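The next block holds one structure in the form of structure tokens; read it before the comments.
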Amino acid sequence: MSPRKIIIDTDPGQDDAVAILLALASPNDIEVLGITAVAGNVPLELTSKNARIVCELAGRPDIPVYAGCDRPLRHSLVTAEHVHGKTGLDGPDLPDPNMPLQTAHGVDYIIDTLRAHPPKTITLCPLGPLTNIATAFERAPDIIDLVQEIVLMGGAYFEVGNITPAAEFNIYVDPEAAEAVFKSGIPLVVLPLDVTHKALVTSARNKAFRALGTPVGLAVAQMTDFFERFDKEKYGSLGAPLHDPCVTAYLIAPDLFTGRHVNVEIETNSALTRGMTVADWWRVTDRSPNALFIGDLDADGFFTLLTERLGRL
Ligand code: RIB
Ligand code: CA
């Protein structure tokens with residue numbers, strides 16, 4: 001089977017970085033057409049720099065990286081340096097990128113690329129706030145029918161919020177953008193905190209990254225060593241939750257994951273519950289299902305796949 005063509009939309013972020021590395025380590029499963037950076041964990045200037053740092057770490061300076069939107073549709077930008085550090089990639093000491101940032105805007109790249117390929121042959125993989133995706137749909141509604149699938153990290157139901165009591169960060173930062181994506185009618189696979197909080201980098205798993213004995217293995221171990229602090233303090237987690245790599249792993253090995261096709265709507269009105277993903281998990285409404293909402297994974301299988309693939313870089 002030919003590799004799945006994807007565009008990664010991202011706000012690196014150590015976990016975004018591992019997701020990108022896993023994708024680039026899996027050319028038989030995934031063809032990364034391009035990467036669009038969005039403001040999220042850290043401002044756009046840093047996310048667009050970090051995406052290039054990761055491509056060069058993977059030995060792939062040929063991957064085109066574009067800067068997209070520098071703020072959400074309606075709200076002012078909320079960032080997460082408290083989780084990811086000042087640079088967004090704290091932990092390893094990685095060199096500044098040599099590869100250039102593409103001159104086109106990330107939103108134009110998404111629009112042009114979808115229009116240039118046969119319908120339903122490109123999957124969008126958002127790993128951050130959905131601002132770029134929603135802006136592309138707003139600017140060029142014709143592309144909505146061209147998207148094969150959207151596989152995104154965001155939201156939470158049983159796990160509730162990580163940035164507020166009600167909301168997960170990616171959705172909270174730009175709830176109006178999330179609403180546009182969840183109402184688009186495009187086939188949607190959602191990897192929420194309910195599953196990503198089960199993909200924890202325990203010390204044994206971190207040791208396995210280091211044991212690869214490669215610059216990538218060491219960098220991933222140092223990244224997860226850094227960003228585990230937040231979740232260890234807040235949740236008492238056994239290690240860093242690998243949120244965004246769940247998206248890439250789902251594309252490669254969907255059988256590692258289980259979920260339900262349910263209705264998910266986004267709270268955009270209430271300040272108290274802004275960005276909440278209201279998943280009708282128990283189907284208590286007649287709202288039609290619009291997302292495969294993932295609730296569980298085979299964590300050992302996930303880390304075996306991830307570690308083996310990282311070892312290829
Ligand atoms: O809430 C976790 C999500 O927010 C992850 O994608 C992380 O990188 C941040 O963007
Ligand atoms: Ca992210």
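Just so you know, ligand 1 is whichever comes first in the structure, and atom 1 is the first atom listed for that ligand. Just so we're clear, the structure is a prediction, and the values are computed from it rather than from any experiment.
To the nearest 0.5 Å, atoms CG (D112) and NE2 (H117) are separated by 11.5 Å. Interatomic distance, CG of L191 versus CZ of F257, reported as 5.5 Å (0.5 Å rounding). For the atom pair E228 CD and L238 CG, the distance stands at 10.0 Å (nearest 0.5 Å).
Here is the list of ligand 1 atoms found below 4.0 Å of a heavy atom in D16: 8 (O). Under a 4.0 Å criterion applied to the non-hydrogen atoms of F169, ligand 1 contributes the atoms 1 (O), 4 (O), 9 (C), 10 (O). Those atoms of ligand 1 with a heavy atom of M153 less than 4.0 angstrom away are 2 (C), 3 (C), 5 (C), 6 (O).
On a distance-only criterion, D15 and ligand 1 share at least one N/O pair closer than 3.5 Å. Ligand 1 has an N or O atom lying under 3.5 Å from an N or O atom of L127, backbone or side chain.
By the 4.5 Å heavy-atom criterion applied to side chains, P72 and L77 are counted as neighbours.
When distances from the Ca ion (ligand 2) to the N, O or S atoms of D244 are compared, OD2 comes out shortest. Residue D11 approaches the Ca ion (ligand 2) most closely through its N/O/S atom OD1.
Using a distance-only test at 3.5 Å, with no hydrogens or angles considered, no donor-acceptor pair links the side chain of T36 to the main chain of Y66. Within the 3.5 Å criterion, the main-chain N or O of M276 finds no donor-acceptor partner in the side chain of T273. Side-chain N or O atoms of D231 include none that pairs as donor or acceptor with a backbone N or O of G239 at under 3.5 Å.
At a 4.0 Å heavy-atom cut-off, ligand 1 touches N162 through the side chain alone.
Atom 4 (O) of ligand 1 has as its closest protein heavy atom N170 OD1, 3.1 Å. Looking only at heavy atoms of the protein, atom 9 (C) of ligand 1 is closest to N41 OD1, 3.1 Å. Residue, atom and distance of the protein heavy atom nearest to atom 1 (O) of ligand 1 are E168 OE2, 2.6 Å. Protein heavy atom in closest approach to atom 6 (O) of ligand 1: D244 OD1, 2.7 Å.
The distance from the Ca ion (ligand 2) to the nearest N/O/S atom of L127 is under 3.0 Å. With 3.0 Å as the limit, D15 does not count as an N, O or S neighbour of the Ca ion (ligand 2).
For A37 against N132, the heavy-atom pair with the smallest separation is O-ND2, 3.0 Å.
Of the residues D11, N50, N170, T10, the one that meets the side-chain hydrogen bond (donor to acceptor under 3.5 Å, both in side chains) test with N41 is D11.
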